Amino acid sequence: MATDNLVESLREEATCPICLEYFRDAVTIDCGHNFCRSCIAQCWEGSDTAASCPQCRETVQQRNLRPNRKLANVVEIAKRFSLQAAKGAGEERVCGEHQETLKLFCEEDQTSVCVVCHLSRDHRDHRVVPIQEAAQEYKEKLQGALGPLRKELEEALALMSAEEEKTIEWQGKVKTRREMIAGEYNKLHTLLREEEQLLLQSLEEEERETLQRLQENVTKLSQQSSSLQQLITEIEEKCRQPVVELLKDVKSTLSRSENVKLQEPEAVSTDLKNVYKISLDMREALKRFGVDVTLDPDTANPNLVLSEDRKRVRHGDKRQNLPNNSERFDYCVFVLGAEGFAGRRRYWEVEVGDKTGWNLGVCRESVSRKGKVTLSPEDGYWAVWLRDGGYEALTSPATPLPVSARPSRVGIFLDYEAGEVSFYNVTDRSHLFSFTDTFSGKLCPYFCPCNNAGGKNAAPLIICPVPAQAGGNLGP
């Protein structure tokens with residue numbers, strides 16, 4: 001601090017009081033004050049003999065201009081001290097060529113210059129502005145660039161977070177599907193083990209490829225985020241630098257900030273392509289447990305119309321006048337199978353055709369038949385349905401079912417002892433969903449054709465015939 005004061009004092013002594021720059025060709029007038037020869041000559045221009053001192057106003061003779069060589073030496077010493085002090089402070093506030101203060105900024109050459117540089121041939125025709133003014137202007141531009149960059153960074157981080165969430169979601173889907181595949185195949189014949197392994201390998205390959213693409217997205221976004229953060233840090237540091245350093249390569253920095261363009265991640269679908277199929281042999285195995293299911297008219301809602309053979313049910317045009325017995329559903333358009341099952345394995349198929357809405361499954365024989373009901377395992381229903389074009393397993397909450405081909409026929413397999421109810425898309429031989437629970441008491445097949453929707457959903461649900469090779473109520 002003391003050194004800075006000494007340098008400043010020396011600089012003041014070596015400064016012309018007229019131009020406020022270092023003395024150039026210093027002269028002393030009669031009163032003892034010193035000026036640049038050109039400055040005092042310009043000040044006295046128009047006066048022939050006597051004039052006044054610009055500093056003390058004393059009358060002096062113009063011709064008595066005495067060169068002050070010692071002061072010229074002091075000026076040179078002051079310039080060197082100022083240059084050394086500036087360099088010691090990590091700045092370049094003094095022109096290295098002329099030892100003059102850098103007070104101007106050349107817009108064309110993008111460099112700080114002194115007054116002498118400005119008057120020289122190199123910069124004479126260039127546009128120059130005061131250095132503080134230029135620094136303020138470019139500082140505002142740099143600060144203006146920070147906003148869009150921070151926004152880009154925020155968007156990049158948000159996209160990276162979304163990709164990471166998709167990765168977690170994808171892994172969860174894969175895990176669920178893997179467990180479903182493994183569980184389904186474990187309960188079936190050993191002759192299908194080879195097919196199971198092939199399907200699992202296909203799923204793993206699909207998982208690996210999709211995870212790789214997702215990870216590539218995360219990596220690219222991370223790299224972009226790092227680059228943006230580095231540029232933001234660079235600009236923030238530049239804004240805190242002294243004016244000369246701030247203005248160095250400032251256009252290059254601004255250009256890089258303006259050219260930043262966030263590359264959005266490649267769209268990666270997280271819908272599973274691997275839909276494992278039931279082979280012909282597997283369906284044949286299920287048919288071994290085929291059971292002849294018929295509808296129980298005593299349970300049918302009065303709006304339902306049953307065929308004479310009790311194999312078809314549809315929603316009628318008007319409510320029938322039927323006895324309100326305890327077994328009958330009076331609000332929901334449901335009907336149950338005539339026989340309840342307790343123990344063993346059972347399999348049956350239902351033709352749903354092109355219906356736009358239906359419910360199928362099993363329920364406890366003891367479920368309430370009156371008023372509204374809640375369809376969930378907790379309330380004694382294990383079912384799937386079609387609503388508004390979407391298929392769902394009626395868990396709590398409901399589980400959406402990915403369907404590759406619209407099922408025109410649905411298979412239901414009840415393994416009472418194992419506590420499983422499984423649903424199959426017979427149309428493309430794929431597994432739809434499996435409930436796992438602990439059963440007690442009788443379970444009944446459950447059917448709901450839904451409202452006919454003004455004739456758009458008037459087709460019946462049809463219980464399919466039991467194949468001739470079915471073994472009926474075969475044991476486990």
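Residues: numbered from 1 along the sequence shown. This is a predicted model, so every value here is computed, not measured.
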- Hey, does the side chain of Glu152 reach the backbone of Leu228 with a donor-acceptor pair shorter than 3.5 angstrom? no
- Item | Proximity of Phe423 and Phe433 rings by center, below 6.0 Å | no
- Note on the structure: All heavy atoms of Arg256 vs all of Val260, minimum pair found to be O-CG2, 3.2 Å
- For Glu392 and Arg387, what are the C-alpha separation, side-chain angles and deciding distance, and is it a salt bridge (charged side-chain N to carboxylate O under 4.0 Å, His left out)? CA-CA 8 Å; Glu392 292 181 328; Arg387 286 289 188 281; over 6 Å; no
- Kindly assign one of parallel, tilted or perpendicular to the pair Phe439 and Tyr416, based on the angle between their ring planes and the thresholds 30° and 60°. tilted
- So do the side chains of Leu159 and Leu262 get within less than 4.5 Å of each other, counting heavy atoms only? yes
- Query: Do Thr427 and Ser408 meet the criterion of a side-chain donor-acceptor pair at a distance under 3.5 Å?
  - Reply: yes
- Separation between CG of Leu104 and OG1 of Thr111, rounded to the nearest 0.5 Å: 11.0 Å
- Message: More than 12 heavy atoms of other residues, nucleotides or ligands under 6.0 Å from CD of Glu169: yes or no?
- Response: yes
- Query: When you measure from the side chain of Thr399 to the backbone N and O of Thr395, does any donor-acceptor pair fall under 3.5 Å?
  - Reply: no
- Query: Less than 4.5 Å apart, any side-chain heavy atom of Val373 and any of Val367?
  - Reply: no
- Item | Pair Asn452-Asn457, side-chain donor/acceptor within less than 3.5 Å | no
- Message: Is it the case that the ring center of Tyr446 lies less than 6.0 angstrom away from the ring center of Phe334?
- Response: yes
- Would you indicate whether the side-chain heavy atoms of Glu154 and Arg150 approach each other to under 4.5 Å? no
- What one should report as the nearest heavy-atom pair of Val384 and Ala393 is CG1-CA, 4.0 Å
- Query: Should the heavy atoms of other residues, nucleotides or ligands under 6.0 Å from CG of Asp437 be counted, would the total exceed 12?
  - Reply: yes
- Item | Parallel, tilted or perpendicular: rings of Phe413 and Tyr347 (30°, 60°) | tilted
- Message: For a 4.5 angstrom cut-off between non-hydrogen side-chain atoms, does Trp44 reach Ile29?
- Response: yes
- Item | Close side-chain approach of Glu204 and Arg178, heavy atoms under 4.5 Å | yes
- Item | Closest non-hydrogen atom pair, Glu378 against Ser396 | OE1-OG, 3.1 Å
- Item | Enclosure of Glu236 CD (heavy-atom neighbours >12, cutoff 6.0 Å) | yes
- Message: To the nearest 0.5 Å, what is the distance between CD on Glu207 and CD on Gln212?
- Response: 12.0 Å
- Query: Under the 3.5 angstrom rule, does the side chain of Lys173 hit a backbone N or O of Thr270 as a donor-acceptor pair?
  - Reply: yes
- side-chain contact (heavy atoms from CB on, under 4.5 Å) filter on Thr167, not counting sequence neighbours, yields Gln171, Leu211, Leu214, Gln215
- Message: Within the structure provided, determine whether Leu231 and Thr233 are in side-chain contact (heavy-atom separation under 4.5 Å).
- Response: no
- Please confirm whether the backbone N or O of Gly172 pairs with a side-chain atom of Thr176, one donor and one acceptor, at under 3.5 Å? yes
- Verdict with reasoning, Arg345 to Glu420, per side chain to side chain contact (heavy atoms under 4.5 Å, CB included): CA-CA 10 Å; Arg345 299 170 180 171; Glu420 289 187 354; over 6 Å; no
- Drop me the distance from Glu234's CD to Ile232's CD1, to the nearest 0.5 angstrom. 11.0 Å
- If you measure from CD on Glu266 to CD on Glu264, what distance do you get to the nearest 0.5 Å? 12.5 Å
- Hey, is Glu216 close enough to Arg213 for a salt bridge, meaning N to O under 4.0 Å? no
- For Cys106 and Val128 the tightest heavy-atom approach is CA-CG1, 3.8 Å
- Message: Within the 3.5 Å criterion, strictly below it, is a donor on Gln132 or Gln136 matched to an acceptor on the partner's side chain?
- Response: no
- Can you check side chain to side chain contact (heavy atoms under 4.5 Å, CB included) on Leu360 and Leu461, steps first, answer last? CA-CA 10 Å; Leu360 291 172; Leu461 292 174; 4.1 Å; yes
- Give the intermediate values and the outcome of side chain to side chain contact (heavy atoms under 4.5 Å, CB included) for residues Val27 and Asn68. CA-CA 5 Å; Val27 295; Asn68 194 334; over 6 Å; no
- Message: Pairing donors with acceptors under 3.5 angstrom, does anything connect the side chains of Gln110 and Tyr138?
- Response: yes
- Just grab all the salt bridge (Lys or Arg N to Asp or Glu O under 4.0 Å) pairs involving residues 28-38, residues at least two apart or on different chains. Asp25-Arg37, Asp30-Arg66
- Item | Leu394 and Ser376, any side-chain heavy atoms less than 4.5 Å apart | no
- Between Asp428 and Ser430, is there a donor-acceptor pair closer than 3.5 Å when you use the side chain of the first and the backbone of the second? yes
- Tell me, do Met160 and Glu163 make a side-chain contact under 4.5 Å, heavy atoms counted? no
- What closest approach, in Å, do His315 and Cys450 show between heavy atoms, and which atom pair accounts for it? CB-O, 3.3 Å
- Message: Counting neighbours of CD on Gln55 that are heavy atoms of other residues, nucleotides or ligands and sit closer than 6.0 Å, is the number greater than 12?
- Response: yes
- Rounded to the nearest 0.5 Å, what separation is found between the NZ atom of Lys456 and the OG1 atom of Thr356? 8.5 Å
- Query: Given Gln42 and Phe35, is the side chain to side chain contact (heavy atoms under 4.5 Å, CB included) satisfied, shown in steps?
  - Reply: CA-CA 11 Å; Gln42 186 177 2; Phe35 304 95; over 6 Å; no
- For the student: nearest non-hydrogen atoms of Lys238 and Glu245, plus distance: NZ-O, 3.1 Å
- Message: Given 3.5 Å as the limit, does a donor-acceptor pair link the side chain of Lys103 with the main chain of Ile131, or not?
- Response: no
- Is it true that a side-chain atom of Thr210 and a backbone atom of Glu206 form a donor plus acceptor pair closer than 3.5 Å? yes
- Task: Please check if the side chain of Ser255 supplies one atom and the backbone of Ser252 the other of a donor-acceptor pair under 3.5 Å.
- Result: no
- Task: Might you work through the salt bridge (charged side-chain N to carboxylate O under 4.0 Å, His left out) test for Glu137 and Lys141, ending with a clear yes or no?
- Result: CA-CA 6 Å; Glu137 177 185 350; Lys141 288 182 179 180; 3.5 Å; yes
- From Arg24 atom CZ to Cys19 atom SG, the distance as rounded to the nearest 0.5 Å: 4.5 Å
